[in-house]
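One is the number of the first residue; the rest follow in order along the sequence.
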Amino acid sequence: MTIDRILRATIAALALAAAPLLSGPAQADTLRVVRQGAQSTLNVPMNRAVVVESDVPFAELSIANPAIADISSLSDRTIYVLGKSPGLTTLTILDGAGRLITNVDVRVAADISEFKERLRQILPGEKIEVRTANDGIVLSGVASSSQKLQRALDLAERYAPERVSNLMSVGGVQQVMLKVRFAEMRRSVAKSLQSSVALGGDLFGGGVGVKAGSGDGATTSGQSSVLGGALSSTNSEGAITFGFNAGAVEVAVLLEALESKGVVRTLAEPNLTALSGQEAKFLAGGEYPVPVAQDGGSITVEFKPFGVELNFVPRVVDGDLINLELAAAVSAIDSANGFDNGTFRIDAFSRRETSTTVEMRDGESFAIAGLLQDDFRDVNGQVPWLGDVPILGALFRSAEYQREQSELVIIVTPHLVTPTRGEALALPTDRVHPPTEKDLFLNGKIAGSGRTPRSGAAGEVAKQDFSGSYGYVMD
């Protein structure tokens, strides 16, 4: 009995040593024992070998599909099984009398042991399950982020190119609310200084006027008419007029000093929510009809959108890291730069837009656009020669200064959000109800009083006072 055991161990060792020589890259696996009369299943990795030992001597072996697995006998109790291609076949073992000893289901699948080890090293702690299906790899489970899911797929493609099935899902929050703040500031400053001098009286036989600036000189015949002519030759805003007599000469002087300032602020804060990887669009504005000429002389109308436009595609990359592909625009109708051919008029549009891709974490902000336009104009005018006279030459000179600045800033802030119950949400209009006839005609109320929530987020909104101005106020 001892000699028999030593002989079996020697045969098994020889089989393990000869396996690489018989099958190239194949390598023998652990020894398996097949019992008489028992149906069993044998799992063999592709391009690897398994040595199977029977508990009774056999005389004949048969494999149903040699393309899936190859077999050879090392002794009357030891079988060498080599996996060749993925699939399922049957190994039949017969004794010397031709009686069936057992049938073994041989299942050959891709070798994923190395892939599992690499996956644990690259993505530790991920709940990703790896299985084989035919000659491919099936990944299932829950990945903590879309980035790690993609890494697992890329690694699987190295072991089974174009034969990877993805059944994984991404855990965590996958909905992103984007808060965008548009702020545009326009500032303008204009200053001008002009002067006019008029002389009149019997000495000149009429009136003579000189104005340093735009407009014609005044021609008058008397002091009162001199002053009136000086005034009529210019815009009287910020103007000072004085005159005097020097004998038969009447003198009138008009000084105009005007300074104007203006500030305009426009602001919009759209909020938009989208699923990770899906596009969301937002437009608050309208559509402007534009006539378009067609073949044959006919005219059709196309509508051009304007207002606050926002398109974005969020992608939750890893945990709270969010990748944003964003396109934002602010446009308005500009009637000052329109087109008019006498038959119809088409207004122009002023438009500020930006498109970019940024990456940030939940709650962080980015200023993705800061557009500054600075227009400067300085015009000086004078009466030839007279404007060069020291001191008195200031009466024959004019200066005009104008500066306009426009600045647009767009700030984006993403947030990971989850849905809530509808009872927790409230609108400012929830407190507004149609008035009854009594409230309208007797009490003069344009809105009736209704039931208001007392608790939760809806109760907090209900406590606010909406009786005055609310919303965005244009300065």
Side-chain angles (χ1 to χ4, degrees), residues 16-32 41-52 63 65-71 80-89 105-174 176 275-278 313-325 357-361:
L16 292 174
L21 300 177
L22 295 175
S23 58
Q27 185 178 0
D29 207 341
T30 57
L31 198 67
R32 301 172 187 267
T41 301
L42 178 64
N43 294 318
V44 182
M46 189 171 61
N47 295 327
R48 297 187 65 180
V50 173
V51 176
V52 181
I63 190 73
N65 189 349
I68 295 178
D70 193 10
I71 59 173
Y80 180 84
V81 183
L82 172 65
K84 298 175 66 176
S85 63
L88 180 64
T89 188
D105 293 333
V106 179
R107 187 185 304 275
V108 180
D111 186 11
I112 58 174
S113 57
E114 182 183 357
F115 170 64
K116 288 183 178 180
E117 182 64 24
R118 294 292 181 268
L119 190 64
R120 285 192 294 267
Q121 293 174 357
I122 296 175
L123 300 175
E126 292 296 317
K127 299 178 180 179
I128 300 178
E129 300 177 0
V130 182
R131 297 182 178 87
T132 58
N134 199 2
D135 61 343
I137 297 177
V138 179
L139 300 179
S140 60
V142 179
S144 60
S145 66
S146 58
Q147 187 181 39
K148 294 182 178 179
L149 183 146
Q150 188 59 44
R151 289 178 181 175
L153 291 176
D154 293 341
L155 182 61
E157 285 288 337
R158 302 290 296 178
Y159 289 87
E162 299 182 357
R163 301 191 307 275
V164 179
S165 298
N166 177 22
L167 301 181
M168 294 183 292
S169 60
V170 180
V173 180
Q174 295 297 309
V176 179
L275 189 64
S276 176
Q278 301 298 318
V313 179
R315 295 181 180 88
V316 181
V317 179
D318 188 5
D320 61 347
L321 186 62
I322 303 170
N323 179 282
L324 284 178
E325 184 179 345
T357 301
V358 295
E359 196 169 84
M360 64 191 79
R361 298 193 178 275

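With contacts defined as side-chain heavy-atom distances shorter than 4.5 Å, the pair Leu149/Asn166 qualifies. Between Leu139 and Val130 the shortest side-chain heavy-atom distance falls below 4.5 Å.
When all heavy atoms of Thr132 and Ala109 are compared, the closest pair comes out as OG1-CB, 3.4 Å. The shortest non-hydrogen separation linking Asn323 to Glu359 is ND2-OE2, 3.5 Å. For the pair Ser140 and Arg131, the tightest heavy-atom approach, listed with the atom from each and the gap, is OG-NH1, 2.9 Å. Taking every heavy atom of both residues into account, Leu275 and Pro314 meet most closely at O-CG, 3.8 Å. Between Leu82 and Arg48, the closest heavy-atom pair is CD1-O, 3.5 Å.
In this structure, Ile322 CD1 and Met360 CE are separated by 8.0 Å, a value rounded to the nearest 0.5 Å. We find the CD-CD distance between Glu117 and Gln121 to be 4.5 Å, quoted to the nearest 0.5 Å. The line from CG of Asp70 to CD1 of Ile63 is 8.5 Å long, rounded to the nearest 0.5 Å. Rounded to the nearest 0.5 Å, atoms CG (Leu155) and CD1 (Ile122) are 4.5 Å apart.
In Arg315, the CZ atom is crowded: over 12 heavy atoms of neighbouring residues, nucleotides or ligands sit closer than 6.0 Å.
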TODO: Could you please spell out the steps behind the side-chain contact (heavy atoms from CB on, under 4.5 Å) verdict for Leu153 and Met168?
DONE: CA-CA 10 Å; Leu153 291 176; Met168 294 183 292; 4.0 Å; yes
- [ ] Test Ile68 against Leu88 for side-chain contact (heavy atoms from CB on, under 4.5 Å), laying out the working first.
- [x] CA-CA 7 Å; Ile68 295 178; Leu88 180 64; 5.8 Å; no
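Using modelled atom types, one finds no donor on one side chain facing an acceptor on the other under 3.5 Å when comparing Thr41 with Arg107.
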